Amino acid sequence: MTPGEAELVALASRLARAAGDVLRQRPDDLEVASKSSPTDAVTVMDRAAERVILEGLATARPGDAVVSEESPRREGDSGVTWFVDPLDGTVNYLYDLGQYAVSIGVAVDGEPLAGVVFDVGRSVEYAAVRGDGATCDGRPIRCSTQSKPAMALVATGFNYDRQLRASQAQAIGRLLPDVRDIRRMGSAALDLCAVAAGRVDAFFEAGMAPWDWTAGAVIAREAGARVGGLRGRPPGGHTTLAANPALFDALEELLVATGSDLG
Ligand code: IPD
Ligand code: CA
Ligand code: CA
């Protein structure tokens, strides 16, 4: 890891933890508002956590671009772009379920370079820099070696868009008989870290935004997983899959055959 890369990860870690401290102060009134659909919520705490991160980036890295879920894009001229999800798992947070995280990814010249995902409920930090492996609280992690879809525990998520959800529901009904089981845990960033740590064998979802997956994709890749769209596409808003390389190929085929190539 170069000193420059180490500095980026240290900053991401510091800001993710500071945002986590904010999120732990969960007030009784979350001042919930809706965004793209009535169930796509934003709370006063998404914004409070975001403020801490954006202020920290503005001070430490004024020349960088920042793409953060609850704010307009900030342009930069350094070639570095930050992808920030100040609270990934807002619906879990709303219901006081512990599965939520702060996700901060860094891309250089358009290529994901580093990521930190802070699991606030468990106070556990996942981190990775391209070429350097992935860690959980500083200890190296690896994805699973399961190569058979029929034996694979597969995490997924559903989009807030009603039409896309309906397609996802149909496709999952066709997929379910051919995998070990499905998990819908409510935080795409933590799902990707679960792939990285071998706690699920794969994750796929359609309709994600770059702040959902950038940090987690670096972490999963550095733990040995392949992360990409189906049919050779890069990760993105279309169906994106993360799994060890052998399982990736087999599952990709199954996802295409069962109609999960969406978004
Ligand atoms: C959502 C979560 C969820 C995924 C959705 C995301 P949010 O992010 O990651 O697991 O299924 O697609 O939008 O709204 O909690 O930041
Ligand atoms: Ca998110
Ligand atoms: Ca969010």
Side-chain angles (χ1 to χ4, degrees), residues 15-16 19-20 22-23 26 30-54 66-73 82-105 112 115-121 126 154-169 171-172 175 182-196 199-200 202-217 219-220 227 229 235-242 260 262-263:
L15 297 177
V22 170
L23 292 171
R26 189 173 177 281
L30 289 169
E31 299 175 39
V32 184
S34 319
K35 297 191 290 180
S36 64
S37 78
T39 52
D40 182 6
V42 58
T43 73
V44 68
M45 299 308 279
D46 294 68
R47 297 193 197 285
E50 184 179 67
R51 206 170 309 123
V52 167
I53 299 170
L54 297 194
V66 182
V67 179
S68 186
E69 183 171 10
E70 315 301 345
S71 292
R73 182 191 172 97
W82 296 78
F83 291 97
V84 178
D85 193 335
L87 169 47
D88 188 53
T90 292
V91 175
N92 282 345
Y93 189 77
L94 210 53
Y95 284 80
D96 206 6
L97 297 170
Q99 181 85 350
Y100 64 91
V102 181
S103 175
I104 303 181
V116 169
V117 173
F118 184 54
D119 179 335
V120 183
Y126 299 89
V154 181
T156 192
F158 305 118
N159 198 260
Y160 294 114
D161 176 78
R162 197 169 184 278
Q163 231 178 326
L164 182 49
R165 280 174 94 78
S167 308
Q168 287 172 317
I172 210 118
L175 177 71
I182 295 287
R183 293 289 181 271
R184 197 293 189 244
M185 295 180 285
S187 160
L190 288 177
D191 290 340
L192 284 161
C193 293
V195 171
R199 286 202 308 273
V200 295
F203 163 68
F204 75 97
E205 182 167 345
M208 288 191 292
W211 49 77
D212 294 316
W213 60 262
T214 301
I219 294 164
V227 184
H238 42 260
T239 299
T240 292
L241 170 63
S260 273
L262 301 166

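Order of appearance sets the numbers: ligands from 1, and atoms from 1 within every ligand. Treat the numbers as computed from the prediction; the structure is a model and nothing was measured. The basis for the numbers below is simple: all heavy atoms, side chains too, and nothing from hydrogens, waters or symmetry mates.
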### Query
Would you say the side-chain atoms of Ser260 pair up with the backbone N or O of Ala171, donor to acceptor, closer than 3.5 Å?
no
### Query
For the residue pair Tyr126 and Ile219, what are the closest heavy atoms and their distance?
O-CD1, 3.7 Å
### Query
Can you list the atoms of ligand 1 that are under 4.0 Å from a heavy atom of Phe158?
11 (O), 12 (O)
### Message
If I consider every N, O or S atom in Asp88, which one ends up closest to the Ca ion (ligand 2)? I only need its name.
### Response
OD1
### Message
At under 4.0 Å between heavy atoms, is it the side chain or the backbone of Ser187 that contacts ligand 1, or both, or neither?
### Response
backbone
### Message
Ignoring hydrogens, what is the shortest heavy-atom contact between Gly157 and Glu205? Give both atom names and the distance.
### Response
CA-OE1, 3.2 Å
### Query
Should you measure from each heavy atom of Tyr160, which atoms of ligand 1 turn up under 4.0 Å away?
1 (C), 7 (P), 13 (O), 14 (O), 15 (O)
### Message
How close do Val117 and Ala215 get, counting heavy atoms only, and between which atoms?
### Response
CG2-CB, 3.9 Å
### Task
Say whether Leu87 and ligand 1 are in contact under the criterion: heavy-atom distance to a ligand atom below 4.0 Å.
yes
### Summary
For Thr90, the atoms of ligand 1 under 4.0 Å from one of its heavy atoms are 15 (O)
### Task
Identify which of Glu70, Glu205, Met185 has a heavy atom lying nearest to atom 5 (C) of ligand 1.
Glu205
### Message
Testing the 3.5 Å rule here: is there a donor-acceptor pair between the side chains of Asp46 and Thr90?
### Response
yes
### Message
I need the O(Leu87)-the Ca ion (ligand 3)-OE1(Glu69) angle, rounded to 10 degrees.
### Response
170°
### Task
With heavy atoms of Asp85 as the reference, note each atom of ligand 1 found under 4.0 Å away.
16 (O)
### Query
Gly157 heavy atoms, cut-off 4.0 Å: which ligand 1 atoms fall inside?
11 (O)
### Side-chain donor or acceptor of Asp88 paired with backbone N/O of Ala188 under 3.5 Å
yes
## Note on the structure
What one should report as the nearest heavy-atom pair of Val200 and Met185 is CG1-CE, 4.1 Å
#### Entry: Under 4.0 Å to a heavy atom of Ala188 - the qualifying atoms of ligand 1, by number
2 (C), 9 (O), 10 (O)
### Task
Give the residue and atom name of whichever protein heavy atom lies nearest to atom 6 (C) of ligand 1, and the separation in Å to one decimal.
Asp212 OD1, 4.0 Å
### Query
Rounded to 10 degrees, what angle sits at the Ca ion (ligand 2) between Asp212 OD1 and Asp85 OD2?
100°
#### Entry: Whether Asn92 side chain and Tyr100 backbone form a donor-acceptor pair below 3.5 Å
no
### Task
Pull out every atom of ligand 1 sitting under 4.0 Å from any heavy atom of Gly186, numbered as shown with elements.
2 (C), 3 (C), 10 (O)
### Task
Indicate yes or no for a side-chain donor-acceptor contact from Tyr93 to the backbone of Leu23 under 3.5 Å, with no hydrogens or angles considered.
yes
### Message
Which residue and atom name correspond to the protein heavy atom nearest atom 8 (O) of ligand 1, and how close is it?
### Response
Asp88 OD1, 3.0 Å
#### Entry: Side chain, backbone, both or neither: the part of Arg184 lying under 4.0 Å from ligand 1 by heavy atom
side chain
### Task
Could you say whether the N/O atoms of Gly89 and ligand 1 ever approach to under 3.5 Å?
yes
### Task
Could you list the atoms of ligand 1 found under 4.0 angstrom from a heavy atom of Glu69?
16 (O)
### Message
Strictly distance-based, threshold 3.5 Å: is any side-chain N or O of Ser187 a donor or acceptor partner for the main-chain N or O of Leu190?
### Response
yes
### Task
For Thr239 and Ala206, indicate whether the former's side chain and the latter's backbone hold a donor-acceptor pair under 3.5 Å.
no
